[in-house]
Number of protein chains: 2
Amino acid sequence: MTKQREIILEELRKLKTHPTASDLYDIVRKRLPKISLGTVYRNLEILAEMGLIKKLEIAGKEKRWDGDISKHYHFRCVKCGKVEDIFLKDEDLEKLDSFFKNYINDNVKFEEMNVEISGLCKDCNTINN
Amino acid sequence: MTKQREIILEELRKLKTHPTASDLYDIVRKRLPKISLGTVYRNLEILAEMGLIKKLEIAGKEKRWDGDISKHYHFRCVKCGKVEDIFLKDEDLEKLDSFFKNYINDNVKFEEMNVEISGLCKDCNTINN
DNA sequence: CTATGTGCAAACTATTTGCCGTCTG
DNA sequence: CAGACGGCAAATAGTTTGCACATAG
């Protein structure tokens, strides 16, 4: 666990946003001005393999990262790309799981279900109208 | 509506897979050997704006396209990237909508809800074990 | 005829990688 | 000290764009 890796983890955990590698690069650089973007990419992958952070399986051309590894879903704005958390009540998590299992079991086996809701966020929707 | 645009649309509609631009480029080139990849990209965007096809808001580094514009969701294999359709019964579409509206209304306004389930598909799951 | 589209190649963006010197355990 | 890691710059993958010519309406 190098200084670089530690600080990347620390900064990611502080954020409620779901930053891209380069968002995080900008933040981490304030504390480690010489760090390289490649190091940020490498460490994010490693931290995710270690189970300390989560690589989001989310639409959009840039990958996003989440310091909160508890079970939750995401809402993603198709216009500005902002990603917000959706925490379900436990009972609803179960409901949702069994809901989709009805459709899925025959075709595919799955380990994990990710639900991504997308649409226009409040801000973008307001600008639009 | 040029020959190129017409053939791209025609070929996309034939497919149940959810091809990337370059998948489609390979297919279309059999009929139009001189077509360029840029033309495929340009026309896919245009056809989506026209509402004739759908640009999938789906994870993964490559964009995917769907010739079926009816309401349905997708399952995406995190290993091989394959995307399969999930068609819900009408009653279930409604259930799901209201289910998530409970969580979403306060935070965001949305036009459209896309649900993407991801996990391991049957094939990848079999290889894994 | 003229606005729109095409082919081609170059540009761009996000990400990955090779190399070589540096640090950690 | 050995193996893992970091900085840098070059390579790669997917996508977009500028330009000059071609085509649809």
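Labels below follow one simple rule: chain letters A, B, ... track the order of the sequence lines, proteins then strands, and each chain is numbered from 1.
Rounded to an integer number of Å, the gap from Ile8(A) CD1 to dG6(D) C1' is 10 Å. Across the protein-nucleic acid pair, Glu45(A) atom CD and dG6(D) atom P stand 14 Å apart, rounded to whole Å. Look at CZ on Arg5(B): it is 12 Å from P on dG7(C), rounded to the nearest Å. Between the OH atom of Tyr25(B) and the C1' atom of dT16(D) there is a distance of 15 Å, given to the nearest Å. In this structure, Arg42(B) places its CZ atom 13 Å from P of dC19(D), rounding to the nearest Å. Atom P of nucleotide dC21(D) and atom NZ of Lys34(B) are separated by 15 Å, given to the nearest angstrom. For the pair Leu37(B) CG and dA11(C) C1', the computed distance is 15 Å after rounding to whole Å. Regarding Asn43(A), its CG atom lies at a distance of 13 Å from the P atom of dT24(C), rounded to whole Å.
You'll find the side chain of Phe100(A) reaches within 4.5 Å of the side chain of Val115(B), heavy atoms only.
The pair Glu11(A)-Lys30(A) does not meet the salt-bridge criterion, since no charged nitrogen lies less than 4.0 angstrom from a carboxylate oxygen. Salt bridge annotation for Glu6(A)-Arg31(A): absent, with no cationic side-chain nitrogen under 4.0 angstrom from a carboxylate oxygen.
Nearest heavy atom pair, residue Ile69(A) against residue Lys54(A), reads CG2-N, 4.1 Å.
Here Thr39(B) reaches the OP1 or OP2 of dG7(C): one of its side-chain N or O atoms lies under 4.0 Å away. Phosphate proximity of dT16(D) to Lys63(B): present, with a side-chain N or O under 4.0 Å from OP1 or OP2. Contact annotation: Gln4(B) reaches the phosphate of dG7(C) (side-chain N/O to OP1 or OP2, under 4.0 Å). In terms of phosphate contacts, Thr2(A) brings a side-chain nitrogen or oxygen within less than 4.0 Å of OP1 or OP2 of dG6(D). Contact annotation: Tyr41(A) side-chain N/O to dT16(C) OP1/OP2 distance is not under 4.0 Å.
As judged by a 4.0 angstrom heavy-atom cut-off over every strand, Lys3(B) is placed among residues making no nucleic acid contact.
Each of Ile46(A) and Gly38(A) was matched to the nucleotide of DNA chain D holding its nearest heavy atom; the match closer to the 5' end belongs to Ile46(A).
Residue-environment remark: NZ (Lys71(B)) exceeds the threshold of 12 foreign heavy atoms within 6.0 Å.
Checking dA14(C), dG7(D), dT16(C) against every side-chain atom of Glu62(A), the shortest atom distance belongs to dA14(C).
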